[in-house]
2 protein chains.
Amino acid sequence: MTDTDDHGTLEPEQLGAYFALMEAVSLLQHSVEQQLRAEGDLSWVQFQLLARLADAHGQLTMTALADGVVYSRSGLTYQAAQLERAGLVTRAPSSDDERVTLVTITPAGLERVAAVLPGHIEVARRLLFDPLADDDLHHLGDIMTRVRDHMRAQPPRSAAPRKRRTPTDELTDPDAAQT
Amino acid sequence: MTDTDDHGTLEPEQLGAYFALMEAVSLLQHSVEQQLRAEGDLSWVQFQLLARLADAHGQLTMTALADGVVYSRSGLTYQAAQLERAGLVTRAPSSDDERVTLVTITPAGLERVAAVLPGHIEVARRLLFDPLADDDLHHLGDIMTRVRDHMRAQPPRSAAPRKRRTPTDELTDPDAAQT
DNA sequence: TATTGTTATACTCTATAACTATA
DNA sequence: TATAGTTATAGAGTATAACAATA
C-alpha cells in the first residue's frame, strides 16, 4: 500500500487483471465441478479426460492423454483406474508397442459426456458468457488462446525428471502421434 | 434465431474461448503453485489468505477471510491452523463478540508474503503478460473484472446451508467490509 | 539403457456433520 | 434460536520413488 510498491515493475492494472482472472476462473471452476459431480458424477479432470478421448476418435495412449490435464504419470493411472472402474473407459496394451496402454472410451463414456455437456455449457454460459458481449468473447478467446499457446511453449522451469514434454496438442491436432 | 432460446447451441468460438481460458489458467496456476511452494512453502490458498490479510490492515475475522477463497468453514479452520502453526498468523477471540475469531498476520507472515511476491509476479509476467500487448491486458482486466463481479452476484445454485455470501473483494477493493 | 505405465505410500486438501460456546 | 468457529472423520486427489516389462 505504500508509494514504493515496486513489485518488479508490475502495473497495478496488471495485478488487478491477474487476480480478477484467477478469482473468476476459480469461481467458474467451482460451479462447473459441482455441475459435473451432480449431473455426471465426474470430477473436472475426469471430464477433461473423457472429452479429450471423445475428441480423439475415442482412443489415446496414456502419455497422450495425460498431457496438459494431469501433471504426474501416477496421477493419470489413478484417474484412468477410476474411469475404468466406472465403465467409462477400457485399457489395453497396444499391439504396436507392448509398453503402451491404449485408453478407449466406451459407449457409456460417450453417453456420460453427452449427458453432462448441456448442463456444463449452461453453467459456462450463465457465469461466463452472459456478462460478455460478442466482442468481449471474441477478444477473450483470442487472448487466452495466445496465452495458452505461449504457456505450452514455455520450457519447464525445473526440468522435470522424465517425459514432461510440451503439453497437449492432440486435442486440436489429433495426428500428433508419438514415435 | 439460435442465439437466445436455444440452450444446446453454443458457438464453437465460445467453446474454444472457454476451454482456452480454463486450460491457460490451469497451467498458470500450476506454475504459480510451484513457485509459491518452492520459494515460500505456501499453497495458493494460503498465499491468498495471507495476501488478503496483508491487504486488510493485517486482521480479519474467519468469516471475512473465508469469502471467495475457501468454500467451507472447516476448510478455513484447517488452513488457518496451518498458517498459525507456521507462525504466519495468530488467532484470538474478538473482544467485541466472543464468538468471533480474529485472524492477524504476524511480521513473519508479512515477510513471507514479501519474500514470495516478486517471484510470484515474475511467473505471472512470464506466462501471462509476456504474450500480451498493453491493449490485450487492458481488455482482459476489464473483461474478467466484469465476469467476476457477475459471478459474485449470482445466487448460489444449491442454496448453501450457511453464510456463503458473495466472494472476495478485500483484495482489490479494501473497503468491502464484512457483513 | 531408455521408455511406458503401475504400485506403494504418504501427504494435502476438502467437505459434511456433530459439537461447543456465545449472542 | 441463530451465529462463529472447531473437531472428527472420511474421501478424493496428487506426487515421489521404486518397480516391472518392453523397446
Side-chain angles (χ1 to χ4, degrees), chain A residues 26 29-30 33-34 36-38 41-49 60-67 69-86 89-103 156 158-165 177-179, chain B residues 26 29-30 33-34 36-38 41-49 60-86 89-103 156 158-165 178-179:
Chain A
S26 168
Q29 188 154 354
H30 191 250
E33 273 171 356
Q34 292 198 137
L36 288 174
R37 182 62 68 191
D41 196 32
L42 292 174
S43 69
W44 168 245
V45 166
Q46 287 160 3
F47 169 73
Q48 280 186 102
L49 293 175
L60 286 173
T61 70
M62 290 291 281
T63 298
L65 188 54
D67 283 339
V69 177
V70 158
Y71 298 99
S72 72
R73 300 165 78 73
S74 63
L76 178 57
T77 296
Y78 171 77
Q79 291 296 352
Q82 299 308 107
L83 291 174
E84 191 171 45
R85 198 161 57 81
V89 306
T90 58
R91 281 183 291 179
S94 164
S95 41
D96 279 357
D97 183 337
E98 294 274 341
R99 293 173 305 183
V100 167
T101 294
L102 286 172
V103 183
S158 326
R162 249 158 94 164
K163 49 132 214 156
R164 192 79 326 223
R165 52 171 211 150
Q178 63 280 27
T179 358
Chain B
S26 170
Q29 187 155 355
H30 191 249
E33 273 171 358
Q34 292 198 138
L36 288 173
R37 182 62 67 189
D41 196 33
L42 291 175
S43 69
W44 168 246
V45 167
Q46 287 160 3
F47 169 73
Q48 281 185 103
L49 294 175
L60 285 173
T61 70
M62 290 291 280
T63 296
L65 188 54
D67 283 340
V69 175
V70 158
Y71 297 98
S72 71
R73 299 165 79 74
S74 63
L76 179 57
T77 296
Y78 171 78
Q79 291 297 351
Q82 300 308 107
L83 292 173
E84 189 170 45
R85 199 161 57 81
V89 307
T90 57
R91 281 184 290 179
S94 163
S95 41
D96 280 357
D97 183 337
E98 295 273 341
R99 295 172 304 182
V100 167
T101 295
L102 285 172
V103 183
S158 325
R162 252 158 92 162
K163 50 125 208 161
R164 189 77 329 212
R165 54 155 224 165
Q178 60 279 25
T179 343

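Because the structure is predicted, anything quoted here is derived from the model rather than measured. In what follows, every chain begins at residue 1, and chains take the letters A, B, ... in the order their sequences are listed.
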key: side-chain contact (heavy atoms from CB on, under 4.5 Å) partners for B/S94, two or more places apart   = B/D96, B/V100, B/L102
Under 3.5 Å, which N/O atoms of the protein pair with N/O atoms of nucleotides 20-22 of chain C?
none

ask   = Between A/D41 (CG) and D/dG11 (P), how many Å, whole number?
value = 14 Å
query = Across the strands shown, which category fits A/T101 at heavy-atom distances under 4.0 angstrom: base, sugar-phosphate, nothing?
reply = sugar-phosphate
message = Could you work out how much the helix from C/dT1-D/dA23 to C/dA23-D/dT1 bends, comparing the axis of its first five pairs with that of its last five, to 10°?
response = 0°
inquiry  = Ignoring hydrogens, what is the shortest heavy-atom contact between B/L60 and B/A64? Give both atom names and the distance.
reply    = CD2-CB, 4.1 Å
task = Find the distance B/L76:CG to D/dT3:C1' and express it as a whole number of Å.
result = 16 Å
task = Enter the distance from A/T77:OG1 to A/E84:CD here, rounded to the nearest 0.5 Å.
result = 11.0 Å
query = Roughly, in whole Å, what's the span from CG in B/L83 to P in C/dT12?
reply = 14 Å
remark   = note: B/L65, atom CG; D/dT6, atom P; distance rounded to Å ~ 11 Å
Audit row: A/S72, A/Y78, side-chain hydrogen bond (donor to acceptor under 3.5 Å, both in side chains) steps and yes/no = CA-CA 10 Å; A/S72 72; A/Y78 171 77; over 6 Å; no
key: Within-4.5 Å side-chain heavy-atom neighbours: A/L49 and A/L76   = yes
inquiry  = In this structure, how many angstroms lie between the P atom of D/dA20 and the CZ atom of A/R73, rounded?
reply    = 17 Å
query = To the nearest 0.5 Å, how far apart are CZ in A/R91 and CE in A/M62?
reply = 5.5 Å
Which residues share a side-chain contact (heavy atoms from CB on, under 4.5 Å) with B/Q29, sequence neighbours left out = A/M22, B/V25, B/E33, B/W44
Check nucleotides 13-15 of chain C for protein N or O atoms closer than 3.5 Å to its own N or O atoms and list the pairs.
from: C/dC13; atom 1: OP1; to: B/R37; atom 2: NH2; distance (Å): 3.2
from: C/dT14; atom 1: OP2; to: B/Q79; atom 2: NE2; distance (Å): 3.1
from: C/dA15; atom 1: OP2; to: B/S72; atom 2: OG; distance (Å): 3.2
from: C/dA15; atom 1: N7; to: B/S74; atom 2: OG; distance (Å): 3.1

remark   = A/L49 atom CG is separated from D/dG13 atom C1', nearest whole Å, by 13 Å
Under the side-chain contact (heavy atoms from CB on, under 4.5 Å) test, residues paired with A/Q46 that sit two or more places apart = A/L42, A/S43, A/Q79, A/Q82, A/L83
request  = Provide, to the nearest angstrom, the distance between the CD atom belonging to B/E84 and the C1' atom belonging to D/dT6.
outcome  = 12 Å
task = Can you tell me the distance, in whole Å, between the CD atom of B/Q29 and the C1' atom of D/dT14?
result = 14 Å
